[in-house]
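What follows is one structure encoded as structure tokens, with my remarks underneath.
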2 protein chains.
Amino acid sequence: MERTPFISAANVSERLAQPPALAISTVIFALRPSESSGRPTLWLPLVRRIREPFEGMWALPGGPLTQSQSLQDAAATNLADTTGLTPNYLEQLYAFGGLHRSPSQRVVSIVYWAMVQPTEAALARESDNVRWFRADGLAELAFDHNQIVDYALWRLRNKMAYGSIAYHLLGETFTLAQVREVYEAVLNRTLDPANFRRQLKQTAHIEATDEYLQGGAHRPPRLYRYTGDPAAENSGAPPSSL
Amino acid sequence: MERTPFISAANVSERLAQPPALAISTVIFALRPSESSGRPTLWLPLVRRIREPFEGMWALPGGPLTQSQSLQDAAATNLADTTGLTPNYLEQLYAFGGLHRSPSQRVVSIVYWAMVQPTEAALARESDNVRWFRADGLAELAFDHNQIVDYALWRLRNKMAYGSIAYHLLGETFTLAQVREVYEAVLNRTLDPANFRRQLKQTAHIEATDEYLQGGAHRPPRLYRYTGDPAAENSGAPPSSL
DNA sequence: CTCAGTTGTAGTCATATTGACCTTAACTAA
DNA sequence: TTAGTTAAGGTCAATATGACTACAACTGAG
């Protein structure tokens with residue numbers, strides 16, 4: 001909104017005061033094999049703070065909102081700057097605006113969350129100031145970013161049920177076992193392969209290809225392709241022009 | 001976030017520029033009997049704009065974010081100023097930040113949605129500049145507020161399935177038929193009374209009281225009370241301190 | 001005082017969905 | 001050739017859902 005319905009003295013004086021700073025941050029999820037088990041698990045890239053407050057600590061990639069960028073554009077820019085990747089999925093998570101999130105000035109952060117397929121080049125981008133971490137069991141982060149990541153994980157797990165999100169962590173074609181592994185990585189529990197297959201065929205929009213994934217010491221699984229319409233993808237978010 | 005990971009010339013110059021204006025608006029839902037059918041339907045209060053842009057048109061109540069208020073506090077203040085009511089439910093809807101939402105300057109609006117029980121006094125507050133409208137079939141509003149209301153309705157309908165929200169539109173005790181009427185008003189379709197009752201008993205957290213609602217020309221219905229734990233109420237939102 | 005009208009409440013039944021489990025198919029490595 | 005492994009399809013009981021019927025409990029008209 002652009003004005004108060006009832007003009008009061010407080011409103012007028014506040015309008016002249018400095019407004020809170022406005023920043024955009026992005027929680028970027030990708031699937032990587034765990035070092036220990038080798039199974040796919042959720043990872044996210046963080047950047048190291050190079051100035052106070054919280055100098056030296058890890059934080060979500062982000063920056064101030066510029067006049068010329070829409071919110072989603074700003075989030076996509078964060079993502080490209082940090083990982084060099086373009087997102088398969090990008091959606092607004094929440095606007096955090098507590099009074100004491102940053103020790104110095106009042107900052108309102110509009111946070112997006114994204115899902116990407118990491119390329120070799122993107123993973124090799126790691127440096128002293130950019131590093132990938134497992135999404136669960138993170139160390140202490142700068143600001144309230146631990147709580148933001150936890151909330152993003154919660155939202156991700158809830159959205160899984162609706163479908164379609166899992167495919168944004170996978171490539172063009174995939175086996176049903178790979179889809180199941182995505183679900184298992186996000187939901188953090190094992191799923192019955194047979195029942196999972198049946199459920200996918202009922203609800204999800206996938207089609208079988210004629211190809212099979214060769215190379216394993218077992219029966220080769222069929223490859224599938226996602227056929228969900230892109231319109232329904234961002235179901236849950238208003239048009240990005242707003 | 002509070003800084004960009006990679007400092008570029010563009011970032012430095014942008015940081016010195018004027019940041020976008022930050023406003024809070026609130027979509028306030030309440031249940032009122034329809035004039036035609038008499039059945040409960042969804043209404044919301046709007047305020048008339050008294051200056052350009054969109055002078056004279058109806059808009060969501062709201063105003064600029066002050067330094068001393070959290071986002072949720074600002075939304076609650078909107079609500080109290082407009083209706084004189086305190087909300088039964090208040091949750092962040094979305095942050096709208098498109099480049100051309102307001103013709104003059106760039107405005108980012110963080111929008112909340114609320115559910116209230118209107119009192120007689122609150123409804124009598126109507127004036128030339130504050131009026132209640134049916135939520136569906138609204139006339140053209142200022143800014144992008146039609147799209148915002150549509151999105152709020154979409155979110156409300158989706159949240160209904162999870163339960164607990166309906167009770168925030170009702171009083172302390174209620175009949176099962178009243179709960180059903182809330183669902184019917186929000187979902188805009190009729191529901192089988194017997195099946196609805198069964199489903200509520202399975203999932204919802206309600207308990208029967210010993211009282212019955214007298215006065216109708218029919219068998220008096222039993223009154224129930226909501227027993228859902230307040231912790232799970234705002235399930236779907238991060239702690240309000242953030 | 002009786003009965004028609006209305007709404008609350010409980011139950012039935014066919015169908016769909018879910019979770020646990022079993023069986024067979026198809027491949028590799030030893 | 002065989003043991004090991006994963007793919008893929010099926011069965012079966014338990015549970016949930018939607019359409020519908022039957023009965024209960026009240027008011028108000030006559």
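Below, read A as the first sequence line, B as the second, and so on, with proteins coming before strands; counting in each chain starts at 1.
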>> What range of DNA chain C does chain A touch, first nucleotide to last, counting atoms under 4.0 Å from its heavy atoms?
In response: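 The protein-touched segment is C:dT18 to C:dT28.
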> What pairs with A:Thr175 under side-chain hydrogen bond (donor to acceptor under 3.5 Å, both in side chains), at least two apart in sequence or on another chain?
Replying inline: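 Listed in chain order: nothing, the list is empty.
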> Residues two or more places apart in sequence or in another chain: which of them pass side-chain hydrogen bond (donor to acceptor under 3.5 Å, both in side chains) with B:Arg131?
Replying inline: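 Result, side-chain hydrogen bond (donor to acceptor under 3.5 Å, both in side chains) vs B:Arg131: none returned.
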> Taking the six-membered ring for Trp, are the ring centroids of A:Tyr167 and A:Phe174 within less than 6.0 Å of each other?
Replying inline: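 Yes.
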> Are the side chain of B:Trp43 and the backbone N or O of B:Trp132 linked by a donor-acceptor pair below 3.5 Å?
Replying inline: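 Side chain of B:Trp43 to backbone of B:Trp132: no pair is present.
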> Does A:Arg155 reach the main-chain N or O of A:Leu93 with its side chain, forming a donor-acceptor pair under 3.5 Å?
Replying inline: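 Looks like yes, one N/O pair under 3.5 Å.
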> Tell me, which of residues 175-182 of chain B have any heavy atom that sits under 4.0 Å from an atom in DNA chain D?
Replying inline: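 Residues of residues 175-182 of chain B under 4.0 Å from DNA chain D: none.
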> What is the ring orientation for A:Phe143 with A:His145, classed by angle as parallel under 30°, tilted 30 to 60°, or perpendicular over 60°?
Replying inline: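 It falls in the tilted class, 30° to 60°.
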> Rounded to the Å, how far apart are A:Asp192 CG and D:dT11 C1'?
Replying inline: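 That distance rounds to 13 Å.
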>> If I take atom CG in residue B:Leu191 and atom P in nucleotide D:dC20, what distance separates them, rounded to the nearest angstrom?
In response: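 B:Leu191 atom CG is separated from D:dC20 atom P by 15 Å.
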> Can you list, by residue number, the residues of residues 195-203 of chain B that have a non-hydrogen atom closer than 4.0 angstrom to DNA chain C?
Replying inline: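 Hits under 4.0 Å, by residue number: B:Arg197, B:Arg198, B:Lys201.
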>> Run the ring-ring contact (aromatic ring centres under 6.0 Å, His included) test against A:Tyr224 and tell me which residues pass, sequence neighbours left out.
In response: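 Expected list: none.
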Can you check nucleotides 25-30 of chain D for protein contacts, nitrogen or oxygen pairs under 3.5 Å, and list what you find?
{"from": "D:dA25", "atom 1": "N3", "to": "B:Arg219", "atom 2": "N", "distance (Å)": "3.4"}

Pairs where [range] contributes a residue and the test salt bridge (charged side-chain N to carboxylate O under 4.0 Å, His left out) is met, not counting sequence neighbours:
range: residues 186-198 of chain B; result: none
range: residues 165-180 of chain B; result: B:Glu172-B:Arg225, B:Arg180-B:Glu184
range: residues 139-151 of chain A; result: A:Arg101-A:Asp144

Listed pairs under 3.5 Å, donor-acceptor, residues 110-121 of chain B side chains, sequence neighbours left out:
{"from": "B:Tyr112", "atom 1": "OH", "to": "B:Gln92", "atom 2": "NE2", "distance (Å)": "3.3"}
{"from": "B:Gln117", "atom 1": "OE1", "to": "B:Asn88", "atom 2": "ND2", "distance (Å)": "3.2"}
{"from": "B:Thr119", "atom 1": "OG1", "to": "B:Ala122", "atom 2": "N", "distance (Å)": "3.1"}

>> Heavy-atom count check: over 12 atoms from other residues, nucleotides or ligands less than 6.0 Å from A:Arg39 CZ?
In response: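 Atom CZ in A:Arg39 is not packed in, count stays at 12 or less.
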> With sequence neighbours left out, what residues match A:Ala185 under side chain to side chain contact (heavy atoms under 4.5 Å, CB included)?
Replying inline: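 A:Leu31.
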